[in-house]
Amino acid sequence: MKIFDTLTAKEEVLDTSGIVRIYVCGVTVYDESHIGHARTIIVFDTLRRFLESHGIKVKFIQNFTDVDDKIINRAKQENIPPLELSSKFITRYFEDFDRLNIKRADNYPKATDHIQEMIELIKNLIEKNFAYVSKNGVYFSVSKFKEYGKLSKKKIEDLVSGARIEVDETKNDPLDFALWKFASDEPKWQSPWGDGRPGWHIECSAMSLKYLGENFEIHGGGRDLIFPHHENEIAQSESYTGKNFAKIWMHAGMVTINGEKMSKSLGNTKSIEHVLKKWGPNIIRLFCLSGHYSKPIDYSEDALKETIIKWRQVENCYAELSSPEKDELVRPSSSFSEFFMKKADSIKKEFNDALNSDFNTPLALNAFFRLIKEVNNFASSEDISQSIVKNVEPVLETMSEILGLKISKISDEERNTINEFIKIRNTLREQKQYQKADGVRKQISDMGIVLIDHKTRTLLLKQEKICMED
RNA sequence: GGUGAGGUGGCAGAGAGGUUAUGCGUUCGCCUGCAAAGCGAAUCAAUAGGGGUUCGAAUCCCUUCCUCACCUCCA
């Protein structure tokens with residue numbers, strides 16, 4: 001598999017000979033997660049599923065930043081301890097992301113559980129003269145790391161001349177960033193240099209090193225983390241280990257809302273709770289994968305409505321495959337099943353090729369939907385036979401599993417109940433009492449089941465609820 | 001101002017020198033008791049503008065314009 005590496009600015013081959021170690025920068029838990037977080041996490045979750053579907057072992061670590069000024073400020077506003085606030089939003093995080101069908105990471109290390117590791121790292125950096133103690137904290141000396149700027153392709157001169165760096169007299173250099181900040185208020189921890197809190201970037205260096213070791217395969221996150229967060233992580237980590245930090249840097253593009261950047265000040269943030277309520281998890285996943293991960297995607301009603309149609313096709317396809325006719329009941333079927341076997345194979349290959357080529361999910365989805373369409377198309381004129389299901393379903397299942405899509409299954413009780421209704425409806429239809437028959441169909445659809453009438457039988461389709469009103 | 005990524009049909013979105021990607025939408029037919037799903041046809045055609053290289057350019061080079069992101073906390 002090839003992945004575009006932000007650092008080398010070209011596609012690099014992912015080493016899958018051993019365990020693929022992935023570290024993804026998670027969220028700062030001071031508020032609800034939003035669709036932007038969802039996009040990034042869905043991208044990496046899908047990547048992980050893809051690798052695992054090929055039997056590749058993945059170790060997936062995603063952190064929580066649970067100590068930070070934003071958390072402290074928010075906690076003050078709500079008049080609760082900062083750690084209570086962060087733990088509340090961690091709980092919320094899992095509620096949201098479980099519903100998005102995100103596989104749990106192998107570990108979700110929290111910054112506050114790794115203060116000691118960070119202190120050790122900082123100690124070492126001071127010893128090696130990469131860091132210094134100043135009035136307000138311990139700082140990393142950017143000028144000591146001669147490759148600073150290599151990830152974000154920034155020149156130190158440009159950064160210095162940039163007007164926005166605030167002048168801080170206590171730092172040796174305006175570009176230096178905090179490893180440890182002295183603080184007298186809570187939360188604070190003891191350190192050899194004074195009580196305080198860790199800087200933001202150091203946690204990821206400490207925790208990725210602890211859980212994944214040196215020179216792990218993929219370090220990911222949103223594009224907005226390239227600078228300064230990941231740039232600073234590189235500076236610290238490589239100064240500490242003397243080795244390259246991550247082999248591949250993979251960054252997910254931003255989500256815009258109707259073409260605008262999503263921000264609190266614009267008031268256009270879309271929380272995951274909100275979008276889940278509105279569209280449900282599968283549509284959100286499909287939407288997030290409908291553009292290349294590295295490019296921005298635009299969240300809009302129209303885009304999501306289009307995704308509903310896609311999702312309906314998937315549901316329809318699964319309904320068609322759910323109750324196949326026995327082969328002997330179906331007209332000459334061996335050639336069809338052979339056709340489908342070839343079709344499914346070539347589509348499976350296209351799907352894999354697309355993902356192997358810098359994780360091209362739009363192209364992979366294209367293949368996925370062609371198979372869906374093929375089945376739906378066939379089913380509208382012929383009955384689906386067991387041998388077709390046998391050929392198509394495993395391929396479809398593998399792809400759905402990689403994409404993290406979950407079809408709502410109809411329980412046996414539900415099926416039995418509805419089949420009784422269908423019998424009644426069919427009797428009414430035979431008697432040409434169509435209004436009554438449609439009434440029965442309406443009753444069934446109120447239960448969330450759509451009927452698909454075929455020549456000789458009626459299929460049940462369970463539709464995911466979508467509530468488009470805000 | 002600096003840096004980076006881009007600009008492809010009504011919309012979404014691939015392809016990276018040589019033949020219609022694909023999907024969605026819209027319109028009209030077909031199928032259906034009616035729907036749903038599906039089929040057929042039409043819309044159906046596009047590569048930001050201008051130069052170049054080439055037998056041939058969305059694709060390579062130059063240039064102009066525009067968009068977005070980052071440079072401050074961000075996924």
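In what follows, chains carry the letters A, B, and so on, assigned in the order in which the sequence lines appear, proteins first and then strands, with residues in each chain numbered from 1.
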- Query: Looking at A/Lys295, does any N or O in its side chain come under 4.0 Å of the phosphate oxygens OP1/OP2 on B/rA14?
  - Reply: yes
- Message: Measuring only the P atom in each nucleotide, how far is B/rC61 from B/rG4? A whole number of Å is fine.
- Response: 15 Å
- Query: So which nucleotide from B/rC71, B/rA37, B/rA36 ends up closest to the side chain of A/Phe227?
  - Reply: B/rC71
- Item | Touch class at under 4.0 angstrom, heavy-atom based, for A/Asn316 against every strand present | sugar-phosphate
- Query: So, is A/Lys442 close to the B/rA35 phosphate, meaning a side-chain N or O under 4.0 Å from OP1 or OP2?
  - Reply: no
- Applying side-chain contact (heavy atoms from CB on, under 4.5 Å), name anything that partners A/Asn258, two or more places apart in sequence or on another chain. A/Ser300
- Task: Would you state whether a donor and an acceptor, one from the side chain of A/Asp438 and one from the base of B/rG33, lie under 3.5 Å apart?
- Result: yes
- How is A/Gly221 classified with respect to the nucleic acid when contacts are heavy atoms under 4.0 Å: base, sugar-phosphate, or nothing? sugar-phosphate
- Message: Could you check whether the side chain of A/Asn73 and the base of B/rC73 have a donor-acceptor pair of N or O atoms closer than 3.5 Å, going by distance alone?
- Response: no
- Query: Does A/Tyr211 reach the side chain of A/Pro109, with side-chain heavy atoms less than 4.5 Å apart?
  - Reply: yes
- Task: Report the nucleotide, chosen from B/rA35, B/rA75, B/rG2, that has the shortest atom-to-atom distance to any side-chain atom of A/Lys154.
- Result: B/rG2
- Message: By the 4.0 Å heavy-atom rule, please label A/Leu225 as base, sugar-phosphate, or nothing.
- Response: sugar-phosphate
- Using a distance-only test with no angle check, is there a side-chain donor-acceptor pair under 3.5 angstrom linking A/Thr8 and A/Asp5? yes
- Message: Under 4.0 Å, heavy atoms only, any strand: does A/Gly149 hit a base, just the sugar-phosphate, or nothing?
- Response: nothing
- Message: What I want to check is whether an N or O donor and acceptor connect the side chain of A/Arg441 with the base of B/rC34 at under 3.5 Å.
- Response: yes
- Task: May I ask you to say what A/Val24 touches in the nucleic acid, namely base, sugar-phosphate or nothing, with a heavy-atom cut-off under 4.0 Å?
- Result: nothing
- Message: Regarding A/Leu451, tell me which of base, sugar-phosphate or nothing describes its non-hydrogen contacts under 4.0 Å with the strands shown.
- Response: base
- Checking all strands, does A/Asp69 fall into the base, sugar-phosphate, or nothing category for heavy-atom contacts under 4.0 angstrom? nothing
- Polar side chain donor-acceptor pair, A/Tyr318 to A/Glu397, under 3.5 angstrom: yes
- Does A/Arg312 make a side-chain donor-acceptor contact with the base of B/rA36, cut-off 3.5 Å? no
- Please work out if A/Ser290 contacts a base, only the sugar-phosphate, or nothing of the nucleic acid, heavy-atom cut-off 4.0 Å. sugar-phosphate
- Message: Taking syn as a glycosidic torsion within 90° of 0 and anything else as anti, which one is B/rA37?
- Response: anti
- Note on the structure: Considering only heavy side-chain atoms of A/Met262, the closest of B/rA75, B/rA36, B/rC73 is B/rA75
- Message: Ring of A/Phe227, cation from A/Lys154 - is the NZ or CZ under 6.0 Å from the centre and inside 45° of the axis?
- Response: yes
- From B/rA75, B/rG38, B/rC73, pick the nucleotide closest to the side chain of A/His37? B/rA75
- Does OP1 or OP2 of B/rG38 have a side-chain N or O of A/Asn377 closer than 4.0 Å? no
Hey, what are the protein-to-nucleotides 19-25 of chain B N/O distances that come in under 3.5 Å?
from	atom 1	to	atom 2	distance (Å)
B/rA21	N1	A/Asn366	ND2	2.8
B/rU22	O2'	A/Asn366	OD1	2.9
B/rG23	O2'	A/Lys310	NZ	2.1
B/rC24	OP1	A/Gln313	NE2	3.1
B/rC24	OP1	A/Lys373	NZ	3.3

- Task: With heavy atoms under 4.0 Å as the rule, sort A/His292 into base, sugar-phosphate or nothing.
- Result: sugar-phosphate
- Task: Go through the N and O atoms of the side chain of A/Ser380 and the base of B/rA37, and report whether any donor-acceptor pair is under 3.5 Å.
- Result: no
- Could you check whether A/Arg425 gets within reach of a base, just the sugar-phosphate, or nothing at all, counting any heavy atom under 4.0 Å? base
- Annotated structure of RNA chain B as dot-bracket, pair cut-off 3.5 Å, Watson-Crick or G-U only, | for inter-strand, is (((((((..(((.....[...)))((((((.......))))))....(((((..]....))))))))))))....
